[in-house]
Amino acid sequence: MKIKLKVWRQKNQQDKGGFKAYDVDDVSDDMSFLEMFDVLNEQLVKKNEDPIHFDHDCREGICGACSMYINGRPHGPEQTTTCQLHMRSFKDGDTITVEPWRAKAFPVIKDLVVDRGAFDRIIQSGGYVSVNTGGVPDANDIPIPKKIADHAFDSATCIGCGACVAACKNSSAMLFVSAKVSQLAMLPQGQVERKTRAENMVSQMDDEGFGSCSNTGACEAECPKGISLENIARLNREYLNAKVTSDNI
Amino acid sequence: MILLWNVPLVASDYYTFNQANHMSWFTNAMSSSIGKKVLMALTGLFLVTFLIVHLSGNLQLLLNDGGKAFNIYAKFMTTNPVIKATSYLLYATFIVHIVWALIITVGNKKARPTGYAVQPGNVSSTWSSKNMGLLGTIILVFLVIHLKQFWYEMHWGGIPTANYDGMEYNDLYAVVNVAFHELWYVVLYTISMMALMFHLNHGFKSAFQSLGANHPKYNPLIKGVGFIIAIVIPALFAAIPIIMYMK
Ligand code: HEM
Ligand code: SF4
Ligand code: FES
């Protein structure tokens with residue numbers, strides 16, 4: 001199949017940037033979206049043009065690197081990552097517009113690559129447990145009800161891709177932060193720092209310039225890992241409870 | 001999610017690594033993105049209770065008694081001390097809801113300085129959820145006109161009077177009756193109630209989510225009550241001027 005691409009090109013953070021049109025012929029149904037970009041980039045390199053810069057790493061849907069805003073939706077028309085999106089989701093002759101994530105907290109570095117350091121700084125502010133792990137504990141040493149373990153695991157599947165921010169009209173990071181806070185709030189290991197974690201991670205999230213949550217649900221609809229809005233409600237509870245009852249005055 | 005208000009079991013937290021800030025914990029909490037939304041939710045839900053009371057009064061306009069029940073009710077609402085005190089709380093609630101709506105909406109716009117070239121449409125979220133500010137603004141414009149026409153007249157305007165059982169009452173019914181026979185007002189009223197419908201269709205359940213209440217046991221109830229509130233209340237409000245216009 002033949003595809004027409006409109007891709008955001010931007011030399012660096014200062015550059016204003018703009019769309020550039022490309023034609024990609026010989027696209028196979030079975031190619032992933034990133035492989036289609038590889039084909040295009042090979043052609044650009046052969047023509048001595050600057051290849052299109054985009055983030056990718058695992059190419060198997062687990063690292064969250066492959067941020068692309070495709071035809072008005074993060075990671076394109078399927079609820080998956082860009083590396084797991086295949087060209088069979090498009091039709092011969094389609095024009096596909098590809099943009100970087102847009103958020104004040106995610107500045108564009110080059111072309112489709114954005115700086116998601118804000119997520120790292122949010123994690124650094126509390127998304128961990130401060131216990132030395134020591135030897136491997138016996139399985140079932142700490143009893144955790146199966147349901148709780150399942151919920152915590154669901155929250156833990158967040159890969160930090162930022163699609164929630166990209167999808168949200170407010171560029172809110174609530175789904176990401178709520179997944180991280182929930183995962184630890186539900187498990188015994190997370191209890192010690194539970195309240196301070198919620199307070200610090202929300203405070204860091206606000207400092208980074210993410211918007212607030214209007215509960216539109218666009219994040220949940222676009223999240224490749226199906227992180228649920230229940231996490232955001234839990235974060236609201238965790239945060240309010242922490243603010244009212246923690247020792248941080 | 002297992003517990004609705006799963007209060008943590010551990011009493012003490014490490015506070016040594018809490019980021020320094022110079023605000024009181026309360027100001028800090030309320031100025032956070034979550035705190036602002038909590039205030040929005042609380043004021044919004046209080047406004048919903050106001051709507052129910054207001055509607056119960058308005059429905060008396062439809063009684064065939066020349067406005068007697070409505071006028072007696074109106075007098076009660078403007079003179080009873082408890083109601084008067086509550087009305088100040090209501091004015092404050094409106095102001096906070098509107099000012100915070102502005103603060104939140106402006107802040108959210110700032111979080112995305114460069115927009116997308118291609119918009120998603122309504123595939124991943126509803127239109128109302130993305131346009132609460134626009135819907136609120138329509139309600140606000142209506143509110144200003146509405147207050148000028150009835151509330152201002154009732155309190156400070158020259159208003160005709162009516163006598164029931166030897167007692168004098170402001171004949172607010174007459175003022176309403178005149179207004180509800182003006183086509184432009186009936187149209188404005190109906191459009192505004194449609195805006196309220198969409199505002200509440202997202203707003204009611206959104207408020208519960210903002211307050212952290214999201215639980216499979218109660219979600220169907222919140223959804224159901226929210227739907228009834230969002231559809232029935234504005235529809236009944238709008239029906240009154242339409243019926244009176246056609247009478
Ligand atoms: C009787 C009138 C009104 C009622 C009953 C009402 C009710 C509500 C409720 C229940 C919410 C949900 C709160 C949440 O998401 O947590 C809400 C949100 C909102 N309201 Fe109102 N409201 C009214 C009037 C207004 C007015 C006059 C404005 C603005 C001029 C306004 C602007 C907003 C905005 C912008 C939001 C969404 C905030 C966000 O999540 O981004 N509302 N309202
Ligand atoms: S919550 Fe979902 S969309 Fe957001 S960063 Fe995590 S995996 Fe990505
Ligand atoms: S490249 Fe790792 S998730 Fe797509």
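Below, chains carry the letters A, B, ... as their sequence lines are ordered, and counting in each starts from 1.
- The part of A:F19 that comes within reach of chain B is its side chain, from C-beta onward, which places non-hydrogen atoms under 4.5 angstrom from that chain.
- Inspection of the B:S33 and A:D206 side chains reveals an N or O donor paired with an N or O acceptor under 3.5 Å.
- Considering every non-hydrogen atom in both B:N28 and A:K243, the closest pair reads OD1-NZ, 2.7 Å.
- Side chain of A:E99 to main chain of B:A117: a donor-acceptor pair is present (N/O by atom type, distance under 3.5 Å, no hydrogens or angles).
- Around atom CZ of A:F54, more than 12 heavy atoms belonging to other residues, nucleotides or ligands sit under 6.0 Å away.
- Considering every non-hydrogen atom in both A:E230 and B:N214, the closest pair reads CG-OD1, 3.4 Å.
- For chain A, no part of B:S128 is nearby; none of its heavy atoms comes within less than 4.5 Å.
- Of the listed residues B:V38, B:I104, B:N108, the one with more heavy-atom pairs under 4.5 angstrom with chain A than any other is B:N108.
- A distance of 10.0 Å separates CD1 in B:I34 from CD in A:E238, rounded to the nearest 0.5 Å.
- Formation of a donor-acceptor pair under 3.5 Å by the B:Y116 side chain with backbone atoms of A:R102 is found in this model.
- No part of B:K205 comes within reach of chain A, as not one of its non-hydrogen atoms sits under 4.5 angstrom from that chain.
- Heavy atoms closer than 4.5 Å to chain B are found nowhere in A:C219, neither backbone nor side chain.
- Interface remark: A:V165 contributes backbone atoms only to the contact with chain B (heavy atom separation under 4.5 Å).
- When each of A:A221, A:S212, A:S172 is scored by its heavy-atom pairs under 4.5 Å with chain B, the top score falls to A:S212.
- Closest approach of B:A111 and A:G211 over heavy atoms only: CB-N, 3.4 Å.
- The NZ atom of A:K169 sits 12.0 Å away from atom CD of B:Q119, with the distance rounded to the nearest 0.5 Å.
- Annotation: the span from B:S125 atom OG to A:E222 atom CD amounts to 9.0 Å, rounded to 0.5 Å.
- Here the side chain of A:R73 pairs no donor or acceptor atom with the backbone of B:V123 at under 3.5 angstrom.
- The minimum heavy-atom distance linking A:S214 with B:S206 is given by the pair O-OG, 4.0 Å.
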*Begin with the C-alpha distance, continue with both residues' side-chain angles, and end with the deciding distance and a verdict on side-chain contact (heavy atoms from CB on, under 4.5 Å) for B:T114 and A:K104.*
CA-CA 8 Å; B:T114 314; A:K104 181 168 166 248; over 6 Å; no
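- Within the 4.5 angstrom heavy-atom criterion, only side-chain atoms of A:Y239, from C-beta onward, approach chain B.
- For chain B, the option among A:A166, A:G209, A:A105 with the highest count of heavy-atom pairs below 4.5 Å is A:A166.
- Counting heavy-atom pairs closer than 4.5 Å to chain B, the top residue among A:S182, A:P74, A:A233 is A:A233.
- Heavy atoms of other residues, nucleotides or ligands lying less than 6.0 angstrom from OH of B:Y88 number 12 at most.
- With a 4.5 Å cut-off on non-hydrogen atoms, B:Q209 touches chain A through its backbone and its side chain both.
- Nearest approach of B:K37 to A:N215, heavy atoms of both residues: NZ-ND2, 3.9 Å.
- B:M194 CE: 12 or fewer foreign heavy atoms inside a 6.0 Å radius.
- Within the 4.5 angstrom heavy-atom criterion, atoms from both the backbone and the side chain of B:K130 approach chain A.
- Both the backbone and the side chain of A:L229 come within contact range of chain B, each with at least one heavy atom under 4.5 Å from a heavy atom of that chain.
- Side-chain contact annotation: A:N236 with B:S210, donor-acceptor N/O pair under 3.5 Å absent.
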